[in-house]
Amino acid sequence: MNKGKGKNKYQFRKAHGGLSIVAFLILMALAGVCLVYFMATMAEYVIQTKLAAEYRSIALMARLYDAGRQAGQEENLWSLLDTEGREYLIRSADGDVLHQAGVATCEEEGRSVYLMSLPDPIAIYKDTRYPFLYGTDRQEIFLDVPALFRFLRQNGSESLDLLGDAAFLYDDEIPAPHIEVSVSASEPEIDDYAYGLQIQELTEEQRAALAKQGGSSFIHLPVWMGIPVADGSRIFLAKAGLELKISDLSVLSISVFIFLGLGLFLCVLFFFNVISRIRNQRRAMKMYFTDVITSGHNRTWFLYNGDRMLRKRSNASYTYAAVHLVFVKYRTYVLCHSVSAGEAILTQIYRSLERHLGKKEICAHCSPGEYALLLRVSDEASLKERIRGILQELGAVDPNHTFTYQVGVDLLPPERDRNGKIVRRRLTDLEQAYNNAGTARGTLESKEDTGIAFFDSALAEERKWQDQVEEHMRTALEREEFQVYYQPKYDPQTHTLRGAEALIRWQSPDFGFVSPGRFIPIFEKNGFITEIDHYMLSHVAADQKRWLDQGLACVPVSVNVSRAHFIESDLAEQIRDLVDSAGTPRDLIEIELTESAFFDDKNALLETIRRLKEYGFAVSMDDFGSGYSSLNSLKDMPLDVLKIDAEFFRGENAGERGEIVVSETIRLAQSLHMRTVAEGVELKEQVDFLAEQGCDMIQGYYFAKPMPKNEFETKMAAG
Ligand code: C2E
Ligand code: MG
Ligand code: MG
């Protein structure tokens with residue numbers, strides 16, 4: 001189990017366009033408000049200017065009345081005032097009508113209103129018959145357009161008054177849209193669905209008469225204005241008319257229409273844009289998440305969805321398993337058949353895996369022949385059983401072939417808090433878990449058969465160690481942290497020193513004293529072993545030279561040379577030059593080839609051995625008997641020394657049968673003119689037995705363990 005960064009890096013922002021739509025609607029609303037405000041300001045300006053002009057005319061009438069009344073000419077005034085053609089009345093302070101001209105449709109109570117061009121407020125009275133223009137509490141004049149239009153629609157015939165003469169005008173030039181009034185010979189009617197003012201169904205004569213009058217259509221809105229007279233004891237009320245050109249209303253309606261049309265158009269445009277963006281993103285995401293070979297899901301999809309699934313609260317109590325499944329011989333299959341046949345098999349495998357999935361389980365094809373699964377697990381044993389079942393089915397995808405699969409598993413048990421309570425997986429990183437499963441699968445790589453491996457803490461530790469070693473190895477080499485230990489080889493007959501093997505040790509400031517078993521296999525894998533071999537050879541050669549110069553009785557020292565090194569075709573020359581440059585006699589250096597070396601390029605190996613011998617180096621085969629091909633190798637290799645593996649002297653091998661094998665090996669070596677060295681000898685009986693069998697040398701704890709060079713110097717000095 002592993003904890004990740006707590007954040008799924010495969011995060012996608014799904015395009016849903018919600019924010020853009022909201023922003024767009026807000027913009028549209030703002031534009032609408034601005035338009036309405038602009039229209040309202042314009043309309044107010046027009047109304048105020050017109051009413052101010054009316055007020056001036058009515059104020060003149062009021063002054064005329066006052067002047068006539070003061071001169072006692074009140075009765076003669078009426079005919080003069082009537083010439084104005086306005087309806088008016090004079091009321092006493094008590095509300096009694098003292099005089100009236102025309103129909104008094106004036107409300108009782110007025111309101112004071114400020115007109116833009118006048119310094120003082122004026123009194124405005126609503127017309128009871130057409131109450132669309134009036135003063136508000138905020139001392140402003142207000143035109144109730146919706147009420148006016150409603151009235152025009154509902155009171156066709158009465159509207160004639162309101163529409164005035166011009167209502168009968170028929171004007172072909174009025175551009176649509178405009179307010180349409182259908183007028184029959186007797187009564188006009190505003191059409192519900194039309195926009196323009198158009199007088200229809202007029203007789204020809206009516207049309208001709210109206211056309212002669214010219215001018216444009218207008219609506220005549222009455223409002224009354226009151227001016228105090230007779231020192232404030234009376235009020236002079238006259239009907240003012242606000243004439244609004246129908247064309248003004250048309251401009252208004254055209255603007256609204258254009259605005260609405262434009263808004264609608266933009267809305268539609270925007271809507272399609274958002275939809276296409278969403279669709280494009282969905283398409284791109286589908287491509288991003290689809291595996292091109294199997295048309296199933298790919299690795300990105302697996303990690304994205306798997307992480308989300310694992311982190312769900314409802315899945316917190318389940319143990320999950322990240323599974324890394326590899327179809328081992330995919331490339332060989334493609335080589336023998338074709339890419340398309342191989343891909344068909346991969347698709348079949350994918351479909352088969354899909355069929356095995358249960359609820360809340362996923363799978364994906366990550367790379368050719370590599371599959372990822374996220375399975376729900378009750379326990380390890382049943383998971384193994386289940387995977388075996390899956391593998392069995394996969395083994396039969398192609399009846400003509402036996403396929404091999406390797407499976408690595410990393411278990412993800414539920415996460416718990418300090419009190420042991422199951423908590424939601426917030427930090428689980430599926431990518432890490434999948435990688436762990438891959439690491440576990442990697443341990444099966446050397447095996448031929450189908451197999452399952454689980455990732456555990458030991459494997460994790462091993463990986464960590466490998467990383468640390470790889471991180472430190474170069475500096476360790478530069479700082480000479482690697483030391484040469486010498487393990488003496490003794491003559492079993494005389495118990496005298498006959499040789500030694502150089503064995504590496506790592507004295508690390510970070511890890512302490514590290515034995516070769518912990519780092520040599522890592523170096524063999526990553527190739528660093530060749531540098532180590534050079535290092536050891538040059539140190540041993542230098543030591544030998546120094547000891548020789550000191551007059552010590554030097555013995556041949558064998559140096560391990562890894563199989564990886566044999567890839568280099570001039571290895572023999574490298575060794576020769578290195579030893580020569582140290583000034584060490586070549587017969588003091590022996591080369592040990594580990595047995596596995598014989599699995600590599602045999603011809604190259606043979607050639608290198610031949611040349612090494614030609615240059616005067618003894619060559620030995622290390623760990624003879626620990627692998628199955630060693631006998632066969634003996635046949636071809638012109639070796640000098642056979643090192644009998646330590647395993648022969650341990651545990652069950654050490655019995656009578658073991659002794660027979662060892663004695664026969666010694667005899668075999670003798671017949672092939674090879675010397676023998678027995679490794680790992682710890683007991684006196686073994687030494688005696690080997691001496692009896694004619695073994696040439698013994699390297700083992702019985703005589704000495706590997707030791708630092710100064711100790712070995714002492715041993716040499718003792719002889
Ligand atoms: P090897 O070359 O077969 O070396 C013999 C190993 O057996 C040594 O282990 C030695 O300490 C151990 N040994 C010898 N006698 C006894 C005994 O009586 N009892 C027991 N229990 N062990 C005994 P060591 O030093 O740990 O090395 C392990 C292996 O690491 C070596 O096996 C060799 O394959 C590799 N190695 C060591 N040094 C080098 C090196 O410088 N280069 C390369 N390429 N490989 C090295
Ligand atoms: Mg060795
Ligand atoms: Mg050995």
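Both ligands and their constituent atoms are indexed starting at 1 by order of listing. Side-chain atoms are counted along with the backbone in the values below, which use heavy atoms only and exclude waters and symmetry mates.
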**Report entry** salt_bridge(D696, K489) N-O dist < 4.0 Å
**Finding:** no

**Report entry** Amino acids contacting ligand 1, non-hydrogen cut-off under 4.0 Å
**Finding:** Q487, E501, L503, I504, R505, P516, I520, I529, D533, M536, N560, S562, E592, D622, D623, R650, E679, G680, V681, E682, Q699, G700, Y701, P706

Query - the Mg ion (ligand 2): protein N, O or S atoms [distance under 2.8 Å] - result: E501 OE2, N560 OD1, E592 OE1, D622 OD2

Query - Note: K643-E501 ion pair, threshold 4.0 Å (strictly below) - result: yes

Query raised in the report: For S382, does its backbone N or O pair with a side-chain atom of D379 as donor and acceptor, under 3.5 Å?
Result: yes

Query raised in the report: Aromatic ring centroids of W506 and F513 under 6.0 Å?
Result: no

Counting only pairs under 3.5 Å, give me each side-chain donor-acceptor contact of residues 703-713, with atom names and distances, residues two or more places apart or in other chains.
| from | atom 1 | to | atom 2 | distance (Å) |
| --- | --- | --- | --- | --- |
| K709 | NZ | D543 | OD1 | 3.4 |
| E713 | OE2 | W547 | NE1 | 3.0 |

Report task. List in chain and number order the residues that pass side chain to side chain donor-acceptor pair (under 3.5 Å) with Y485, two or more places apart in sequence or in another chain; answer none if no residue qualifies. Result -> none

Query raised in the report: Does the separation of the ring centres of Y371 and H324 fall below 6.0 angstrom?
Result: no

**Report entry** Lys/Arg-Asp/Glu bridge criterion (N-O < 4.0 Å) met for R463, D467
**Finding:** no

Query raised in the report: With ring centroids as reference points, do F403 and Y333 lie under 6.0 angstrom apart?
Result: yes

